[in-house]
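Chain naming here is simple, since letters A, B, ... match the order of the sequence lines and numbering starts at 1 in each.
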Protein chains: 2
Amino acid sequence: MTIDPYSHTPVYVQLADLIRERIESGDLAAGAPVGTELQLSQEHGIGRDAVRMAISLLRSEGLVTTTRPMGTRVREVPQRRQVELRPGATVVARMPSGKERRTMQLDEGVPILEVRNPGGEVEVLPGDEVELTRPER
Amino acid sequence: MTIDPYSHTPVYVQLADLIRERIESGDLAAGAPVGTELQLSQEHGIGRDAVRMAISLLRSEGLVTTTRPMGTRVREVPQRRQVELRPGATVVARMPSGKERRTMQLDEGVPILEVRNPGGEVEVLPGDEVELTRPER
DNA sequence: ATGCATTTGTCCGTATGTATA
DNA sequence: GTATACATACGGACAAATGCA
């Protein structure tokens, strides 16, 4: 698979698709480096901006994290703990605001679960750490 | 409020914060343009890179959408419909893959709710359109 | 139906700062 | 301490997509 600069899909989306596929297929395991910006730029014959936007997109999907100076690696997804949904509760999923992300120390690309319990109490849960359950009975 | 290039918080984060506040306060209503890259660049005396990064950040939070050549507008959030969680079901929230996002026609920054019903059937729901409920009884 | 104007997409160059192996 | 690699930020240039006259 190679990147087609003449395609109607943006180059950075194509690169993100390539890397995402390698991650989801297991070719790139958790913790594995996806390559430096320079490497990716040269390997695929595309510009710096495109590489950075591709990486940024994957970060926003929660697939990779970038640290200095180790570069970008496949993100290790934490174990999910089970959270039981109480009767009468409602849940919405959304992305955190910038402030929320910083105060909750969430990686980019991690959604939030907002659980509204009867009585009005609201729980805000990191979406990558929990699995909601409605028990059998 | 104005942008301080000497602050320790990056210029693009400051701009994103400014725009986010205008959206959340209702100053910028759904569908309203947030301004072109050039406008924002000139108004705040910052580079186009910083503007693009700010917009990109807001996109990843699901607050705005960008199309060419209409620019970036405040995203219209759909009405949420209620979805009842069946007994024995479990739910996880995650970001969609690029392919999922495109086939489900989701905007950037919209999480997915993956409902696993007893029996193994899996439902994939757009996170901005549903509110999960566990009924009182 | 053709073309123009607008706006983002993409490329490139440069520079400084910062975290960490 | 040094080298590495990204983060931030500025600048310029051309390409491509789309709404509209």
Report task. Indicate whether OP1 or OP2 belonging to C:dT10 is found under 4.0 Å from a side-chain N or O atom of A:Tyr12. Result -> no
Query raised in the report: Taking the nucleotide of DNA chain D with the closest heavy atom to each, which residue, B:Val51 or B:Arg48, is nearer the 5' end?
Result: B:Val51
Requested in this report: Any strand is fair game: report the nucleotide pairing with D:dG1 by Watson-Crick or G-U wobble, both distances under 3.5 Å, or none.
Outcome: none
Query - Residues B:Glu100, B:Arg94: salt bridge by 4.0 Å N-O rule - result: yes
Report task. Specify the separation, in whole Å, of atom CG of A:Asp4 and atom C1' of D:dA16. Result -> 14 Å
Query raised in the report: Which listed nucleotide (C:dC11, D:dA5, C:dT8) is nearest to the side chain of B:Arg68?
Result: C:dT8
Report task. In whole angstrom, give the distance that lies between atom CD of B:Glu37 and atom P of D:dA15. Result -> 18 Å
Report task. Mind calculating the distance between CD1 (B:Ile55) and C1' (C:dT7) to the nearest angstrom? Result -> 12 Å
Query raised in the report: Counting side-chain heavy atoms from C-beta on, which of D:dA9, C:dT8, D:dA7 comes nearest to B:Arg52?
Result: C:dT8
Query raised in the report: Quick one: which of C:dC11, D:dC6, D:dA9 gets closest to the side chain of A:Val11?
Result: C:dC11
**Report entry** Separation of D:dT8 C1' from B:Leu15 CG (nearest whole Å)
**Finding:** 14 Å
Query raised in the report: Between the side chains of A:Gln14 and A:Asp4, does any donor sit under 3.5 Å from an acceptor?
Result: no
Requested in this report: To the nearest Å, give me how far apart CD (A:Gln39) and C1' (D:dA5) are.
Outcome: 11 Å
Query raised in the report: Please give, in whole Å, the distance from D:dA15 P to A:Asp49 CG?
Result: 17 Å
Query raised in the report: So, are A:Lys99 and B:Glu21 salt-bridged, with charged N and O less than 4.0 Å apart?
Result: no
Query raised in the report: Rounded to the nearest 0.5 Å, how far does CZ of B:Arg134 lie from OG1 of A:Thr90?
Result: 13.0 Å
Requested in this report: Ignoring hydrogens and angles, state whether a donor on the side chain of B:Thr65 or B:Arg73 is under 3.5 Å from an acceptor on the partner side chain.
Outcome: no
Report summary line: When rounded to whole Å, the CD1 to C1' distance for the pair A:Ile46 and C:dC12 reads 14 Å
Requested in this report: Return the value, rounded to whole Å, for the distance between atom CG of B:Leu40 and atom P of D:dC10.
Outcome: 13 Å
Query raised in the report: From C:dA21, D:dT8, C:dC11, pick the nucleotide closest to the side chain of A:Ala50?
Result: C:dC11
Report summary line: DNA chain C nearest-nucleotide lookup for A:Ser41 and A:Met70: closer to the 5′ end is A:Ser41
